[in-house]
Amino acid sequence: MDRIVIEGGHRLRGRVRINGAKNAALLIQCASLLTDQATTLRHVPILSDVATMSRLLERLGCAVEGDRTLAIDPAAVAQGSLEAPYDLVKTMRASITVMGPLLARYGRARVSLPGGCAIGARPIDQHLKGLEALGAKIQLVHGYVELRAKRLRGAGFVFDTVTVGGTQNVMMAACLAKGTSRLENVAREPEVQELATVLVKMGARIRGAGTSVIEIEGVDALHGLDHSILPDRIEAGTLAVAAAITRGDVLLEDAPVDHMHAQIAKLEEAGVQCRVEPDGLRVIGPEQLEAVDVATQPYPGFPTDMQAQIMVLAACARGQSLVTETIFENRFMHVPELARMGADIHVNGHSAIVRGPTKLSAATVMATDLRASASLVLAGLVAAGSTEILRVYHLDRGYEAIEKRLRKIGAQIKRYHGARA
Ligand code: UD1
């Protein structure tokens, strides 16, 4: 297993280009199952999650080639098992979003139930209720969800809770249903909008993506497409925090500024300069950061995928910050690791009080999930001494070659292959 070693205390300076958005890429990979024509995706981030989704598509019978540019040919899926097996779903929950496309295109699907994950129980009841509303017959058998429908039919459905994956799954299915669907209380995340843009390019009729009501007029068939994936707002936000806490000056080329308003507002509140420039977002860290209160919310609120990272900023900031997690039940696993580096964080239910400024000190720490790992890298950038991060595979799920990109802007960071000698 790889590990990363960071020598803290270096200011970050320079330019770094933001990669394609992981969560958009994964869903567009799923959407390629809605047609039997070939799809080409460009600006795809090279990540283990994307590779896992490609493996799942291959198991389903797709021919998949390339990495940065990904060519997916689903012509042979009809002869396959139409099954997403446990070994893949358990490594990546986003696998369950093949459910809607398979059901809509082929009339049946068998998808392993994902079970819980490190950040909470994460049920999929809303995915299932939404698909049922479109006419799916659903059974839970031996840990698998089995779905059937001759032809889905358009329907109204109101989500009980705002779910990104649920919205995407049901929206994809509704594209091939007979008649019109009206989905209410849907997620408004940019990745939902991006998926809708892609589906429309494939011939779907969708209105309202990006608002809380989406209307979809079903069509009989969709066609393939060629699409370049939008830049990742979470990667951009993570690198923005890196610049902010190192008193750095970094231009995040192609940063999707319009999708980052909540993040930028909090950075500015902490005293960070965020300048929108023609090439992207320039982030300049102050001599002294100030405390900020942050509560995660569905988009356009502050993203839960940035909660762990902003907590590192709070630890470096002067004063007391209150960080509240409203989306996931167990998303403070980075706290004990940050505490080992000296952070003063007190968790009470869904909130954490962070008292700063703390001079973090390097330690050997363990990554527990994707964004928690990112927070440990950030802490390592400012900690005195040499921080060693274990279980780097969590990081590789969502950050492409993070060590190379941080090194380019001045970090002292190295990856070692294999365990410690
Ligand atoms: C997506 C993102 C993930 C991000 C999350 C919230 C992808 C691949 N992943 O995950 O990075 O952290 O959005 O922004 O895009 N819920 C239910 N029932 C359901 C579905 C969800 O109760 O059927 C709950 C979840 O347990 C959670 C909340 O709704 O508490 C939000 O989850 P959801 O938006 O579905 O997250 P994902 O789509 O899994």
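None of these values were measured; they are calculated from a predicted model. All heavy atoms count here, side chains included; hydrogens, waters and symmetry mates do not. All ligand and atom numbering here is 1-based and tracks the order in the structure.
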Can you find a pair of side-chain heavy atoms, one from Gln168 and one from Glu189, that are under 4.5 Å apart? no
Between Arg331 and ligand 1, find which residue part has any heavy-atom pair under 4.0 Å and reply side chain, backbone, both or neither. side chain
Quick one: does Ala187 get within less than 4.0 Å of ligand 1, heavy atoms only? no
Can you find a heavy atom in the side chain of Met311 that is under 4.5 Å from one in the side chain of Leu378? no
Using the side chain to side chain contact (heavy atoms under 4.5 Å, CB included) rule, pick out the option among Val200, Val219, Leu199 that qualifies with Cys175. Leu199
Which pairs pass side-chain hydrogen bond (donor to acceptor under 3.5 Å, both in side chains) with one or both residues in residues 335-354, sequence neighbours excluded? Thr324-Ser351
Report yes if the side chains of Ile245 and Val312 come closer than 4.5 Å at any heavy-atom pair, otherwise no. yes
Examine the proximity of ligand 1 to Thr97 and report which part, side chain or backbone, both or neither, has a heavy atom under 4.0 Å away. neither
Quick one: does Lys22 get an N or O within less than 3.5 Å of an N or O on ligand 1? no
Ignoring hydrogens, what is the shortest heavy-atom contact between Ala173 and Leu131? Give both atom names and the distance. CB-CD2, 3.5 Å
Answer yes or no: does an N/O atom from Arg93 fall short of 3.5 Å to an N/O atom of ligand 1? no
Would Arg3 and Tyr416 count as a cation-pi pair here, with the cationic atom under 6.0 angstrom from the ring centre and within 45° of the axis? yes
Below the 3.5 angstrom mark, is there an N/O of Phe328, backbone or side chain, next to an N/O of ligand 1? no
If you measure every N/O of Leu27 against every N/O of ligand 1, is any gap under 3.5 Å? no
Report yes or no: does Glu191 have a heavy atom closer than 4.0 Å to ligand 1? no
Are any of the N/O atoms in Asp125 less than 3.5 Å from those in ligand 1? yes
Can Glu184 and Arg182 be counted as an ion pair, charged N to O under 4.0 angstrom? yes
Could you tell me whether Asp305 approaches ligand 1 through its side chain, its backbone, both or neither, with non-hydrogen atoms closer than 4.0 Å? side chain
Using a 4.0 Å cutoff against the non-hydrogen atoms of Gly165, which atoms of ligand 1 qualify? 35 (O), 38 (O)
Polar proximity ligand 1 side, Asn23 side, N/O cut 3.5 Å exclusive: yes
Regarding ligand 1, does Leu26 bring an N or O atom to under 3.5 Å of one of the ligand's N or O atoms? no
Contacts table for residues 256-263: side-chain donor-acceptor under 3.5 angstrom, sequence neighbours left out:
{"unit_1": "Gln263", "atom_1": "NE2", "unit_2": "Arg233", "atom_2": "O", "d": "3.2"}

Backbone or side-chain N or O of Thr304 under 3.5 Å from ligand 1 N or O: no
